[in-house]
Every structure is written in C-alpha cells, then in structure tokens.
Amino acid sequence: MLDFARYVAGLILVLGLLAGFAYILRRGYAQGLLPGFPGQGSVRRMRLVESLMIDPRRRVVIVEVDETEHVVLLGVAGETLLDSRASPPKAPEFEPDMPVSDPASSDGEGVY
C-alpha cells in the first residue's frame, strides 16, 4: 500500500510541475529565457496575416515581414513565392467622440 501511495504522490508532483511550467509559459514570464520566446519589449518582425487551403497538399499564406507582404504557395514539393508588395496601411483604431454613460448610473439619464 505504501508503494501505491508513492506512485500517486509522484504522479501528482509531476503533473503539478507540468501545469506550473505551462502556466509560466502562457503568462509570458519565460520571455527571453527560452528560444522561440521573444524578450520583453522586443518587436515581432514577422506575422501570418492569412492562410487558405487550396487542396489537401497545398496552401497559400500571406506573411508580413517588415512592412512587406509576401504571398507564398506551400506544397509537398517546396515553397513558391507568388507575390511581394508593401503592406496596406493599418486602419486607425476607433475612438468614440464622447464617453458613453452607464445606463445603470444613479442619475437615471443613461444612453439606451
């Protein structure tokens, strides 16, 4: 019975360590410590804009690198660059002209 308790305690310990490590990675506390995780304050230069499956073996992706978009065909035989062009300008973020009052406010004059 003592051996069974040791096995269960060891399993709980290992699962707890895995859960703790996953929590640290997801919260971003390991940034800069592990390869593939950029350090704090670093700017990502590359991002996947869109992906489209053509068939089970081929996919077209749009990758943005340093304000340039590349359209790439990915397939079994390799990769093919289809097009490169400057990225379209980013749309400005929407800012309301005036703050919206809370309908549950105490004065009873909220926006409905």
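Quick caveat, the model's predicted, so the values are computed rather than measured.
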Co-membership, hydrophobic cluster, residues V49 and V60, 4.5 Å side-chain:
yes
Nearest 0.5 angstrom please: L74 CG to I54 CD1, how far?
10.5 Å
Is there side-chain contact between Y7 and L11, with at least one heavy-atom pair below 4.5 Å?
no
Quick check on the hydrophobic clustering: are M46 and L48 connected, directly or via other members, by side-chain heavy-atom contacts under 4.5 Å?
yes
Which hydrophobic side chains are connected to L13, either touching it within the sub-4.5 Å cutoff or through other members that do?
L17
Which side-chain N or O atoms in residues 66-73 pair as donor and acceptor under 3.5 Å with protein atoms at least two apart or in another chain?
from, atom 1, to, atom 2, distance (Å)
D66, OD1, R45, NE, 3.0
D66, OD2, R45, NE, 3.2
D66, OD2, R45, NH2, 2.5
H70, ND1, S84, OG, 2.7

Decide whether L82 and V63 are clustered together by the hydrophobic rule: side chain heavy atoms of Ile, Leu, Val, Met, Phe, Trp, Tyr closer than 4.5 Å, transitively.
no
Taking only residues two or more places apart in sequence or in another chain, which ones pass salt bridge (charged side-chain N to carboxylate O under 4.0 Å, His left out) with R58?
D55
When you group the ILVMFWY residues by side-chain heavy-atom contacts below 4.5 Å and let the links chain together, are L81 and I62 in the same group?
no
Could you pull out all residues at least two apart from V8 that satisfy side chain to side chain contact (heavy atoms under 4.5 Å, CB included)?
F4, I12
How would you list, by chain and number, every residue that makes a salt bridge (charged side-chain N to carboxylate O under 4.0 Å, His left out) with R6, sequence neighbours excluded?
none
R85 meets the salt bridge (charged side-chain N to carboxylate O under 4.0 Å, His left out) criterion, sequence neighbours left out, with D83
